[in-house]
There are 2 protein chains.
Amino acid sequence: MDNKTTITIYDVAREAGVSMATVSRVVNGNPNVKPSTRKKVSDVIDRLNYRPNAVARGLASKKTTTVGVIIPSVTNLFFSSLARGIDDIATMYKYNIILANSDENPEKEIAVFQTLLAKQVDGIIFMGYDVNDQIRAEIERSYTPVVFAGTATGNKGDFYSVNIDDESAVKDVALKLLDMGAKPAILTGPDHLLSNAERIKGYKAAYKEAGKEVNESLIMPTSHNYKSAPALVDELLAEKADSVIVTHDDMAAAVLNEVIIRGLKVPEEFQVIASHNSVMTELVRPQLTSIELPLYDIGAVAMRLLTKIMNSEEVDEKKVILPHKIKERGTTRF
Amino acid sequence: MDNKTTITIYDVAREAGVSMATVSRVVNGNPNVKPSTRKKVSDVIDRLNYRPNAVARGLASKKTTTVGVIIPSVTNLFFSSLARGIDDIATMYKYNIILANSDENPEKEIAVFQTLLAKQVDGIIFMGYDVNDQIRAEIERSYTPVVFAGTATGNKGDFYSVNIDDESAVKDVALKLLDMGAKPAILTGPDHLLSNAERIKGYKAAYKEAGKEVNESLIMPTSHNYKSAPALVDELLAEKADSVIVTHDDMAAAVLNEVIIRGLKVPEEFQVIASHNSVMTELVRPQLTSIELPLYDIGAVAMRLLTKIMNSEEVDEKKVILPHKIKERGTTRF
DNA sequence: GTGAAAGCGCTAACAA
DNA sequence: TTGTTAGCGCTTTCAC
């Protein structure tokens, strides 16, 4: 029974001697079907190798059981880890994922957002480094639920979001360094992006709590291209920093290598802290001490939250903050 | 004009005083529309903020402009790099991507394949380490075009595929090692998977070409968990290997570290070659010599190929092989 | 427990 | 150049 012509619910109905409505019921597990007819229909479905057309179903029911996922880039391990959590939970709840790369480009972000809406996704998970006014406006005018995952939303609007507290994560490690008398610098991405701004806030808060003056030139917002590590380390050393918190693991590894090349002993003379506890931190020598984030969980919880919203279930809190830890390894003297 | 009620092509038609057909024409860029009416309709579209429903369009036209992508795991940098190439080209041709993780699990592979068909994707790109008989059967009975990307297909069926020649890539580096009198081992993933089997074939071919006997215990198919590196290096050394080709970069880095811990000088006393030239190879010390693969391109070319098939365009070759290179760094004496 | 029938929002002949 | 009219394959009342 393997015809080129697509076989429809109507074919099954005819073959089974019932109406399409009945076929629809058994396909959708509706209990109001006599066991015997259910069996009869099921048999025909198997025999004809019938597969419901999800597009037609989507048009009729106004639900596509697919959610859109906007990601800066799939090749970014931070976000792809979230994506993994998202997809696992999505699969669990029978949703599929339309994945769209945004390249951290505001225009692309809103373009893919619109495409996703056109495809009638039931919900959207947004990942990025920031939420600009344009995208915020798009989200607010649409009626499709959106949850932010691993994305700093600041106080820009009343969004659903799942994230860790970047500010206090940085504050925690900075304080550890400060408490042992060190003079930590911070290396982040561009500070016009919310997520980096929050980390810098945490950095400053730590200095304040330690009762020390912040040296602004120890705050180094930059691109995350690790090729620039040599120059950055020069700056770091010129400013007499003896430790650094790096918000990107590849960069942290590159910085570590540069520091060692310059003859400094790590962690005795210089300490380095990475931020995502990626494999890189374990494979580099000495192994990098790092902030440890529940990346997979952020994605998983975000997707779970989205399913609740899509089903109009009760949601306790719109913003959920997951806990972070510190993984101590060989680049600090904790 | 921001109503909760979805606005349809019919609303636009009414407001603009034309038929739905005309609206459809301007939306789809059909040239057979008088410029003045086109403008009139466009204005209404803007005013009403009308967005065509892709699901309805898909049902009516039998084209969804979305392609399915089956990937072992998004967090695997090898495959996510391909995915990036796929998505970029897909976007260029106005396709969206439904991304599905398969976990290298045969059951999941066929399950997601079926789901993708149910969603009426216009084509599918399959990535994996192997193509088993089940999935092959599924593909052959379906009429949806499938292209394999970065996946060894062997001689199992007449599929479309884009890949590099794993066999000769390994052969090339093995030969380089052999030619300088070294005794290389090979560390791959499980050899029941085609991709690993091909690499082992290349390894053996190199020995043969060098006129040397292969020592089977130098062929080490194993899991790719780098935690097992210590034990593996013990074996390597027990077998008197003085160099190793590792088909997974994290593992290569772990092996490198282990070798160094044991007091061996790299590359003087022991050489290591990685396989994907990932960032890891550059951030580890000494930097890893590696096979260099055009990952992004594999994905991009595969997607381009798929667009051709979907448009019934002429395709010159069903299997395209992209060239690989060798990136020499500090872990070899080339 | 089951069927009839009206859409869902759009495309694609076919007419005009 | 524009409009009319069938569907696309399914869900979903509403009857029976």
Side-chain angles (χ1 to χ4, degrees), chain A residues 3-42 44-45 48-66 94 115 117-122 143, chain B residues 3-42 44-45 48-66 94 115 117-122 143:
Chain A
N3 276 325
K4 165 87 192 182
T5 49
T6 38
I7 108 109
T8 75
I9 198 173
Y10 183 76
D11 299 318
V12 177
R14 188 173 22 73
E15 285 287 314
V18 298
S19 72
M20 333 172 16
T22 299
V23 178
S24 177
R25 289 190 186 98
V26 348
V27 166
N28 293 299
N30 184 317
N32 292 346
V33 181
K34 194 167 28 157
S36 65
T37 46
R38 176 185 303 283
K39 166 132 183 47
K40 187 172 55 179
V41 172
S42 295
V44 175
I45 287 178
L48 299 189
N49 194 234
Y50 166 70
R51 212 194 321 274
N53 180 323
V55 173
R57 201 196 289 233
L59 182 58
S61 69
K62 294 178 169 303
K63 284 184 202 302
T64 54
T65 62
T66 107
K94 311 285 185 205
T115 308
L117 293 185
K119 296 255 170 164
Q120 312 299 120
V121 295
D122 297 336
Y143 290 92
Chain B
N3 276 325
K4 166 87 193 181
T5 50
T6 39
I7 108 106
T8 76
I9 198 173
Y10 182 75
D11 299 318
V12 176
R14 189 173 20 74
E15 285 287 313
V18 298
S19 72
M20 338 173 9
T22 298
V23 177
S24 176
R25 289 192 186 96
V26 347
V27 166
N28 293 299
N30 184 317
N32 292 346
V33 181
K34 192 167 28 157
S36 64
T37 45
R38 177 183 302 284
K39 165 129 184 46
K40 187 172 54 180
V41 172
S42 295
V44 175
I45 286 177
L48 263 33
N49 194 235
Y50 166 70
R51 213 194 320 275
N53 180 324
V55 173
R57 200 196 290 233
L59 183 58
S61 68
K62 294 179 169 303
K63 283 182 200 303
T64 54
T65 62
T66 106
K94 312 284 185 207
T115 309
L117 293 185
K119 296 256 170 163
Q120 313 297 120
V121 295
D122 297 336
Y143 290 92

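- Atom CG of Asn28(B) and atom P of dG9(C) are 17 Å apart (whole Å).
- Mapped onto DNA chain C by nearest heavy atom, Ala56(B) and Ala21(B) fall at different nucleotides, with Ala56(B) at the one closer to the 5' end.
- The CG atom of Leu48(A) sits 4.5 Å away from atom CD1 of Ile7(A), with the distance rounded to the nearest 0.5 Å.
- Close to dG1(C), at under 4.0 Å from its OP1 or OP2, lies no side-chain N or O of Thr22(A).
- Among all heavy-atom pairs drawn from Asp122(B) and Lys62(B), the shortest one is OD1-O, 4.4 Å.
- Straight-line distance from the CG atom of Asn53(B) to the P atom of dG7(C): 18 Å, rounded to whole Å.
- Atom CZ in Arg51(A) sits 9.0 Å away from atom CD in Gln120(B) (nearest 0.5 Å).
- Of the residues in residues 57-65 of chain A, Arg57(A), Ala60(A), Ser61(A) come within less than 4.0 Å of DNA chain D through at least one heavy atom, sorted by number.
- The CD1-P distance, from Ile9(A) to dA4(C), rounds to 14 Å in whole Å.
- Close to dC10(D), at under 4.0 Å from its OP1 or OP2, lies no side-chain N or O of Ser24(A).
- For Arg25(A) and dG3(C), a side-chain-to-base donor-acceptor distance below 3.5 Å is present, hydrogens and geometry of angles not being considered.
- Looking at heavy-atom distances under 4.0 Å, Val18(A) makes contact with sugar-phosphate atoms alone, never a base.
- Atom CE in Met20(B) sits roughly 11 Å away from atom C1' in dA6(D) (whole-Å rounding).
- Rounded to whole Å, atom C1' of dA13(C) lies 13 Å from atom CG of Asn30(B).
- Within the 3.5 Å criterion, the main-chain N or O of Thr64(B) finds a donor-acceptor partner in the side chain of Lys119(A).
- Taking atom CG on Asn32(A) and atom C1' on dA15(D), their separation rounds to 15 Å, with Å as the unit.
- Separating the NZ atom of Lys119(B) from the P atom of dC8(D) is a distance of 22 Å, rounded to the nearest angstrom.
- Looking only at distances, a side-chain donor or acceptor of Ser61(A) sits under 3.5 Å from a matching main-chain atom of Arg57(A).
- Considering only side-chain atoms of Ser19(A), the nucleotide from dG1(C), dA4(C), dC10(D) that sits closest is dA4(C).
- Thr8(A) and Tyr50(A) make their closest contact through C-CE1, 3.6 Å (heavy atoms, listed as atom of the first residue, atom of the second, distance).
- Taking atom CD of residue Gln120(B) and atom P of nucleotide dC10(C), one finds them 19 Å apart after rounding to whole Å.
- OP1 or OP2 of dC10(D) sits under 4.0 Å from a side-chain N or O of Tyr50(A).
- Distance alone, capped at 3.5 Å, places no donor-acceptor pair between the Asn28(A) side chain and the Asn30(A) backbone.
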